[in-house]
Amino acid sequence: MNLIPNNIDEQLDELLREYPLLSVNEKNGKRISVTGKIQIHRSVNDYPVRKTYQISIIVLLGSDEMPSISEDEGAVSSDYVHKYEDGKLCLETEVAIRIRFVDGFNLLQWVVEFVEPFFVTYEYYASFGVYPNGERSHGSMGIIETYKEIFHTDDTISTFKGIRLICEGEWRGHAPCFCGSEKYLRKCHGKWILQFLNDSRMKNIVQRDYNTMKAEIDEYRRFTKEAE
Amino acid sequence: MVLNERQRDILRIVQNMDISATMFKNAVEKYTALAEYLIRNGINADIYPQGSFALGTVVRPYSCDEEKNYDLDLVCQVKYNRNEITPARLRKQISDVLRRSEIYKSRLTEDETCFTIDYADIGDVSFSIDVVPAVNETAGRIQQLKRLSKKSELVEYSIAIPERPKGEVSDWITSNPKGYKQWFDGINDEFNILDRQELRRSLFEGNRAIYASVDDVPKDLERTSVQRVIQILKYHRNVYYEHMNKAEEKPASAIINTIVALCAESTDVNVTVFDLLNYVLVNIAACGELLKHNSGDSTASIIVKENGKWVLENPANADDNLADAWNENDEIPELFFKWVDSAKKQLVDSLGSSDEEFRENIEKSFGVSRVQAVLGNKYTSALLDPVSGTSSPKPWRVK
């Protein structure tokens with residue numbers, strides 16, 4: 001499945017209208033590169049951020065991979081844990097971004113809703129040493145945290161069970177809820193997972209993460225078995 | 001001295017963060033009614049406000065998400081002396097009276113040191129009164145304090161309030177809110193009321209529903225440079241420490257009041273708000289050098305270090321070290337001086353910067369929403385679009 005829709009040229013035009021200091025500096029059948037400056041005029045927790053950043057965005061065509069973004073002038077410190085060694089920025093878990101754009105990726109909205117808040121969060125963190133709206137844990141725990149918010153669950157085990165139900169189970173409204181409450185699924189957490197069971201696009205998003213988690217669990221089991 | 005436009009705009013924001021005329025009127029009515037109720041029902045006491053309501057330095061509460069409570073502190077100084085009754089017994093006397101009232105019993109919470117009465121939201125903020133039970137201090141204790149004090153004339157007003165218990169038993173501890181007010185007013189009253197006629201006219205025009213004429217505007221809403229500097233620093237402190245998520249470690253208002261008043265004592269009574277603010281911040285910053293030393297004082301000697309301990313003596317109570325908490329947690333003085341540095345950069349140094357930088361600095365000082373409410377889009381080419389808290393993305397890392 002291709003992430004980037006066919007109207008990428010329209011989306012580029014829209015993006016460059018909104019951010020006139022950006023320009024396309026590479027475009028072929030496989031990838032598009034957009035570089036330049038974006039000016040941020042946002043606030044978070046009543047704190048202002050007015051700053052300009054030099055960025056590069058890479059969009060891969062004919063692929064299911066997310067666009068990547070890097071900040072090119074060191075305005076975001078290389079010590080910041082959400083900036084990789086190659087300068088790329090980790091905006092959010094993929095599941096959060098993919099769910100947002102399940103009806104079709106939109107480059108402009110991605111910048112407005114994910115890129116800008118990343119920089120705003122960074123500036124707040126750099127000033128105060130705290131995240132204004134929290135951060136995700138690294139790796140799979142961060143992914144689980146995202147699903148906890150979506151499923152409205154409190155613990156990791158229930159959340160994983162919800163993911164497994166979506167990927168391997170089927171909807172049975174009178175089955176006990178996966179959270180262990182002894183209520184029926186349809187009267188408990190069922191309403192939060194139904195969208196994934198009814199929409200194959202949403203289910204595919206969860207399946208990716210489930211496959212990754214299963215692989216990690218299998219590796220952990222192999223490791224502990226070898227240790228014994 | 002004539003203020004420039006930026007300074008006048010900062011003062012407009014400060015006026016906006018002051019207690020509103022409506023809230024002030026409500027607060028006075030509520031605490032007057034509460035005091036009358038207690039006295040009518042057998043609590044033989046002198047009941048009076050302390051803290052910011054007494055000193056004229058109230059600022060609106062600050063929170064990023066919603067308006068918090070205004071807190072009004074009342075002292076209920078019952079005519080016992082401390083040897084005649086225990087804190088627990090006095091608390092019970094007052095509690096019994098309050099719980100007999102249909103008005104107060106449902107709003108009442110209490111702990112070992114005070115009663116809190118919560119009132120429903122009035123306009124856009126909610127309001128509570130903290131009643132601190134108190135008794136007269138003993139003559140012996142007053143004599144003891146007079147020997148320690150540089151201002152013995154203030155010690156006469158000393159009272160005893162419940163100490164926060166360390167075990168099961170609560171004892172009395174000396175306090176002196178009336179003496180403190182006397183000291184503060186002795187300095188503050190020398191200073192001219194800022195723009196008195198203009199302020200009174202503005203309050204009257206904005207509150208015709210409660211004032212029949214300009215003469216009805218209470219003097220308690222007039223402000224001097226001293227009071228305005230305290231308000232600026234208190235609000236800036238609230239915003240800064242809220243953003244740091246360290247609200248519990250912010251300096252007590254008593255520290256700010258005392259430092260500003262001590263600085264004001266040595267300045268011209270016609271000093272502008274901004275010259276006094278600069279003077280205060282430069283003096284406090286100089287004290288920051290003591291972070292590195294075990295003892296000593298700054299050129300202003302407002303905050304000192306004695307044998308490794310931070311000391312800022314309460315002018316009305318020689319036994320009360322306002323900087324006590326600094327000696328229990330090293331982070332507190334470190335954060336304090338970082339805050340002071342931030343206040344100076346944002347409120348003093350930024351007055352000479354570009355329009356956009358000035359706007360950003362006052363937004364960092366007072367919060368984006370308050371500055372926007374008062375100044376609109378002045379000094380900036382773009383108003384800021386907030387990143388929503390509930391749905392905002394959170395940064396991650398694969399591994």
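Below, read A as the first sequence line, B as the second, and so on, with proteins coming before strands; counting in each chain starts at 1. None of these values were measured; they are calculated from a predicted model.
Across all non-hydrogen atoms, the minimal contact from Val387(B) to Pro117(A) is CG1-CB, 4.1 Å. His243(B) and Asn45(A) get closest at one heavy-atom pair: NE2-O, 2.8 Å.
For Phe114(A), the parts sitting under 4.5 Å from any heavy atom of chain B are the backbone and the side chain alike. For a residue to count as touching a neighbouring chain, one of its non-hydrogen atoms must lie under 4.5 Å from one of that chain's; by this rule Thr121(A) touches chain B with the side chain only. The part of Ser137(A) that comes within reach of chain B is its backbone (N, CA, C, O), which places non-hydrogen atoms under 4.5 angstrom from that chain.
When the shell of 6.0 Å around NZ of Lys378(B) is examined, it contains more than 12 heavy atoms from other residues, nucleotides or ligands. With a 6.0 Å radius and a threshold of 12 heavy atoms from other residues, nucleotides or ligands, Ile157(A) has its CD1 atom at or below the threshold. For Lys148(A), the NZ atom is densely surrounded, since the number of other residues' heavy atoms within 6.0 Å is greater than 12. The environment of Lys161(A) atom NZ is sparse: at most 12 non-hydrogen atoms of other residues, nucleotides or ligands sit within 6.0 angstrom.
With values rounded to the nearest 0.5 angstrom, Tyr124(A) atom OH is found 9.5 Å from Met244(B) atom CE. Taking CD from Glu242(B) and OH from Tyr47(A), the interatomic distance works out to 14.5 Å, rounded to the nearest 0.5 Å.
The contact list for residues 72-82 of chain A toward chain B, using heavy atoms and a distance under 4.5 Å, reads Tyr80(A), Val81(A), His82(A) by residue number. The stretch residues 322-336 of chain B places none of its residues near chain A, where near means some heavy atom under 4.5 Å from a heavy atom of that chain.
Across Glu145(A), Glu149(A), His138(A), the residue that shares the most heavy-atom pairs under 4.5 angstrom with chain B is His138(A).
Between Tyr131(A) and Lys394(B), the closest side-chain pair of non-hydrogen atoms is not below 4.5 Å. Residues Leu384(B) and His41(A) form a side-chain contact, since some pair of their non-hydrogen atoms from C-beta on lies under 4.5 Å apart. The closest side-chain heavy-atom distance from Val44(A) to Ser392(B) is not below 4.5 Å. Between Arg397(B) and Tyr84(A) there is a side-chain heavy-atom pair separated by less than 4.5 Å. Residues Tyr62(B) and Asp46(A) form a side-chain contact, since some pair of their non-hydrogen atoms from C-beta on lies under 4.5 Å apart. Looking at heavy atoms from C-beta onward, Cys90(A) lies out of side-chain contact with Pro395(B) at the 4.5 angstrom threshold. Using a 4.5 Å heavy-atom threshold, the side chains of Pro48(A) and Lys364(B) count as touching. Taking the side chain as every heavy atom from C-beta outward, Trp396(B) and Ile143(A) approach each other to under 4.5 Å.
Take Glu356(B) and apply the side chain to side chain contact (heavy atoms under 4.5 Å, CB included) test, not counting sequence neighbours, and it matches Arg50(A), Ser354(B), Thr380(B), Ser381(B). Remark: Tyr19(A) pairs with no residue by the ring-ring contact (aromatic ring centres under 6.0 Å, His included) rule, at least two apart or across chains.
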